[in-house]
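Here is the structure we will look at.
Computed from heavy atoms alone, side chains included, the values below leave out hydrogens, waters and symmetry copies. Below, chain A is the first sequence line, B the second, and so on; all start at residue 1.
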4 protein chains.
Amino acid sequence: MRKEETGSPGHVESLVTDPKRVAERRGQILRAAVKLFSEKGYYTTTIQQIAKEAGVSIGLIYQYFGDKDDILFLSLKLVIETYEHEIPPRLEGIEHPVERLCVALWAYCTIIDGLREATVLAYRFTKSLRADRRDLIKEGEFRTNRLLENCVRACIDGGFMRPVNEYMLVYQYVMFCHAWALKHWAFQGRYTPGQYVAEGIRILVEPFLTKKGLAALAALRRRTADFTHE
Amino acid sequence: MRKEETGSPGHVESLVTDPKRVAERRGQILRAAVKLFSEKGYYTTTIQQIAKEAGVSIGLIYQYFGDKDDILFLSLKLVIETYEHEIPPRLEGIEHPVERLCVALWAYCTIIDGLREATVLAYRFTKSLRADRRDLIKEGEFRTNRLLENCVRACIDGGFMRPVNEYMLVYQYVMFCHAWALKHWAFQGRYTPGQYVAEGIRILVEPFLTKKGLAALAALRRRTADFTHE
Amino acid sequence: MRKEETGSPGHVESLVTDPKRVAERRGQILRAAVKLFSEKGYYTTTIQQIAKEAGVSIGLIYQYFGDKDDILFLSLKLVIETYEHEIPPRLEGIEHPVERLCVALWAYCTIIDGLREATVLAYRFTKSLRADRRDLIKEGEFRTNRLLENCVRACIDGGFMRPVNEYMLVYQYVMFCHAWALKHWAFQGRYTPGQYVAEGIRILVEPFLTKKGLAALAALRRRTADFTHE
Amino acid sequence: MRKEETGSPGHVESLVTDPKRVAERRGQILRAAVKLFSEKGYYTTTIQQIAKEAGVSIGLIYQYFGDKDDILFLSLKLVIETYEHEIPPRLEGIEHPVERLCVALWAYCTIIDGLREATVLAYRFTKSLRADRRDLIKEGEFRTNRLLENCVRACIDGGFMRPVNEYMLVYQYVMFCHAWALKHWAFQGRYTPGQYVAEGIRILVEPFLTKKGLAALAALRRRTADFTHE
DNA sequence: AATGAATGAGTGTTCATTCAT
DNA sequence: TATGAATGAACACTCATTCAT
């Protein structure tokens, strides 16, 4: 009679079995949901509105999601996994650790720039998820953090950065990137994303670089003109 | 959907006229509201629950607040003003700019530590306020930021800190303090608030200090044992 | 988040505390519910309709009942307890065991006649209750059966009825009385309740009476003219 | 609310024309429906569940039934006709009227024992049918009753039973048989079907038999050991 | 000033039914 | 014939707000 809390927390049941169709429809509905959740918040967005925005019927939504919590969960998962999946390709082919770190920050900030509202959404409504799912979202964030952590460690190991509290430094980087979304009203108009990252590197990377590291950073800057090539 | 926006955005109507009684009752109700909003979120907390927690009737709440949005607004205002009002007394009598900056960070973090859930609340539900009131909350945050900004400027002006992008640095300080609440699950168990601030100073203050500034910081550390004197 | 299955199965929560008001409002709502459930069945009756029939708002119903199942449960309990409570007063002052048995059957049938639709309701929807509550309803029926059982036993103990399988005989009596409601279309127009009971006594009581018992029955009949004094 | 009542009340439209295929498919679907309706009730069973249980698609069901009411109607008809069709073969070759009556009761009870849940189903949801169809179901029950009536009449006509109110007695027989399903929780564990019928005959048949009738019953009992030969 | 019973618009969700394939 | 994805009206239930006392 009661809805069973079935299986693993990350699993979302669909009444439709064809995986390709499930992926398509879920994508279609999630795009609408992320848009509306971002604009109006989770609780003030109705299923009705999501259906209308996605151009489907109410009933269809319930063929692909178990309940509204499922939609929020997959929305946030989508956002969190975008970070995780889009940063690595941007680092491909880049060898130098300092360069990798700077490009990672740049990549993270630009990805967030494209998902600004959705990033704020994750901050606002992750807590609204069922506890077990909240943890899955946090794990996703953790894996993204690890990408930055690896960059920092490579810098230190290569002698480009002096030993620092990596854990803390990585969290400064994370907060710096997230701030582009969270405090956008404070940076908007003042900085382009490129300038924002350039300033961030000056404050959060440069001070920790060794001579070797600074040389690499200078070279990078010469090539990229401060990431302001938008 | 939204009720007529009457009068000035910050004004909250009360049917009761005696200002002392208004202040008392509102305080009583807001304490309950902040507690519940922090625990369960704004939308999942009901007026019934607030009334019960505050030990008053439902009707009474509507004698002191116009609607639920009023309660949220004054709850967030209460939180934001706590920062603004509690930092300055903690700086009183402290003269040295470097010391003032470090103590300001320390003060901000400990105040947030006492309002951890409420700080997260502000991040989550400021956007749920009517737009004009949202701006008032942001202004409150701005005024708090200015306190840090003044500390940074004094350091630079006194030659204790080399010239940096003040604006960016202050925001990084703000994010650092807020992160103690926002990412508490990541720091909890790893750092005490004192250790957290000490590490923050190492990463976000020390690199920008001049020789003079470093000497001051060393003196401070000798006296305070890294803020770990909890 | 989920509704707690609280306390004893027979308890129905009310948000209103004043017991007198609760009794009044519940009575008002239950009368409407029993009427509609009887006419249209449980599932096809909406809360909306109950509210309208009772002349109250939808919300009010949920101040006095937890959910629709609660309304069904108390409706059926009301019906089942009517039998249990109304038969004993009808037996008051009657001493002779045979007379008590006959009057008990007569009382049960007339009570059912006044609750014909509701009796059918109990047959139809007791199974729709949560299992623990279903058992409570059955217990109520059991207690009513016991009233008849006591009458039969007194007849046997007094030597007015020859030894029989009491348990089975009582169930024949029960089915006989219920049949007045369950098969009303088959008896309607053919028999008045009085005639129905008189025929029932002829078939289900008379054959088991001893000489002493038959004498008592004859005396009773002389006085009551076959229960046809409606 | 109700769909147009088209054509004769007993007619159920099918989009498929081949009668053999219709009979097969309907049987397949009805078996699933009766099972689920019996277990969970009519309203709480969905077409989806019936389709799954029957191993067919949802769409297929609508090729063989007009709507859900059709399925209920044919389900109940199936049950009611089982009684009607299975009793006569069980009486074949039995000549003596008293024996025929007893075997008829025994047959009816054992058939009901095999359809216990379905019998309860008929009691619960016949009223949920459209009125005209409800009458058809009642007619089916009537025809079954007539089988018993014929047995009683033969007993009386043959001088094996003294004159009684046949109509009432037959209904008491019917209720007795139905009670095996309706009050199964009261008899379960106490009696086997055989014992139940034996006790019923003692209470509902024996008292009305003449000397001749009693002799026949005694003979029958000697042969069958009280129907307890399960 | 204070109460809390009463209201009803609005929500998430279900499920009989349809129809393109 | 047979499928099952798609539909949307209808439902149970919630909760901010009102108002008689």
Side-chain angles (χ1 to χ4, degrees), chain A residues 3 14-18 21-22 25 43-51 56-71, chain B residues 1 3 14-18 21-22 25 43-52 56-71, chain C residues 3 14-18 21-22 25 43-51 56-71, chain D residues 1 3 14-18 21-22 25 43-52 56-71:
Chain A
K3 199 196 172 194
S14 170
L15 296 176
V16 177
T17 46
D18 176 26
R21 177 167 270 168
V22 170
R25 285 296 203 189
Y43 292 102
T44 42
T45 298
T46 68
I47 298 289
Q48 192 87 236
Q49 290 164 344
I50 295 172
V56 300
S57 67
I58 293 168
L60 194 77
I61 291 182
Y62 286 91
Q63 301 245 16
Y64 294 93
F65 299 89
D67 58 16
K68 204 185 174 192
D69 189 273
D70 280 357
I71 304 178
Chain B
M1 200 143 290
K3 153 202 262 213
S14 170
L15 296 175
V16 178
T17 47
D18 175 22
R21 178 168 270 169
V22 170
R25 285 295 204 191
Y43 291 102
T44 43
T45 298
T46 68
I47 299 287
Q48 301 261 3
Q49 290 166 343
I50 295 171
K52 197 174 175 188
V56 300
S57 69
I58 293 162
L60 194 77
I61 291 181
Y62 284 89
Q63 302 248 4
Y64 293 94
F65 298 89
D67 59 16
K68 203 184 175 190
D69 190 273
D70 280 357
I71 304 178
Chain C
K3 198 194 172 192
S14 170
L15 296 176
V16 177
T17 47
D18 176 27
R21 177 166 270 167
V22 170
R25 285 296 203 191
Y43 292 102
T44 43
T45 298
T46 68
I47 298 289
Q48 192 88 237
Q49 291 164 343
I50 295 173
V56 300
S57 67
I58 293 168
L60 195 76
I61 292 182
Y62 287 93
Q63 300 246 13
Y64 293 93
F65 299 89
D67 57 17
K68 204 185 174 191
D69 189 273
D70 280 358
I71 304 178
Chain D
M1 201 143 287
K3 153 203 263 213
S14 170
L15 296 175
V16 179
T17 47
D18 175 23
R21 178 169 270 171
V22 170
R25 285 295 204 190
Y43 291 102
T44 42
T45 298
T46 68
I47 299 287
Q48 301 260 3
Q49 290 165 344
I50 295 172
K52 197 174 176 189
V56 300
S57 69
I58 293 162
L60 194 76
I61 291 182
Y62 284 89
Q63 302 249 2
Y64 292 94
F65 299 89
D67 58 17
K68 203 187 175 189
D69 190 272
D70 280 357
I71 304 178

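Applying the side-chain contact (heavy atoms from CB on, under 4.5 Å) test to D/Gln48 and every residue at least two apart in sequence or in another chain returns D/Thr46, D/Ile58. For C/Asp69, the salt bridge (charged side-chain N to carboxylate O under 4.0 Å, His left out) criterion is met by C/Arg133, not counting sequence neighbours. In this view, C/Tyr43 and C/Ser128 satisfy the side chain to side chain donor-acceptor pair (under 3.5 Å) rule, not counting sequence neighbours. With sequence neighbours left out, the side-chain contact (heavy atoms from CB on, under 4.5 Å) criterion links A/Ser57 to A/Leu60.
Rounded to whole Å, the distance from CZ on C/Arg25 to C1' on E/dG4 is 13 Å. For B/Ile61 and E/dA1, the CD1 to P distance is 16 Å, given to the nearest whole Å. Atom NZ in B/Lys52 sits about 21 Å away from atom P in E/dA2, given to the nearest Å. Atoms CZ (A/Arg21) and P (E/dA20) sit 14 Å apart, rounded to a whole Å. Separating the CD atom of A/Gln49 from the P atom of E/dT11 is a distance of 7 Å, rounded to the nearest angstrom. B/Ile71 places its CD1 atom 10 Å from the C1' atom of F/dA16, with the value rounded to the nearest Å. Rounded to a whole Å, the CZ atom of B/Phe65 is 16 Å from the P atom of F/dT18.
Distance check, rounded to the nearest 0.5 Å: CD of D/Gln63 to CD1 of D/Ile61 gives 11.0 Å.
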Pairing string of DNA chain F (Watson-Crick or G-U wobble, both atom distances under 3.5 Å; | = paired to other strand) is .||||||||||||||||||||

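Nearest heavy-atom pair across A/Ile71 and A/Phe65 is CG1-CG, 3.7 Å. The heavy-atom pair separating B/Val16 from B/Arg21 by the smallest distance is CG1-CD, 4.1 Å. In terms of heavy-atom proximity, D/Lys68 sits nearest to D/Thr45 at NZ-O, 2.8 Å. Taking all atoms of both residues into account, the shortest heavy-atom contact from C/Arg25 to C/Val56 is NH1-CG1, 3.8 Å.
Among the atoms of the strands shown, only primed sugar atoms or phosphate atoms (P, OP1, OP2) are found under 4.0 Å from some heavy atom of B/Tyr64. Backbone-only contact: B/Thr17 has heavy atoms under 4.0 Å from sugar-phosphate atoms and none from a base. Counting non-hydrogen atoms under 4.0 angstrom, D/Leu15 reaches nothing in the nucleic acid.
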Distances for protein N/O vs nucleotides 12-15 of chain F N/O pairs under 3.5 angstrom?
from   : atom 1 : to      : atom 2 : distance (Å)
F/dA12 : OP1    : C/Lys68 : NZ     : 2.8
F/dA12 : OP2    : C/Ile47 : N      : 3.0
F/dC13 : OP2    : C/Tyr62 : OH     : 3.0
F/dC13 : OP2    : C/Lys68 : N      : 2.8

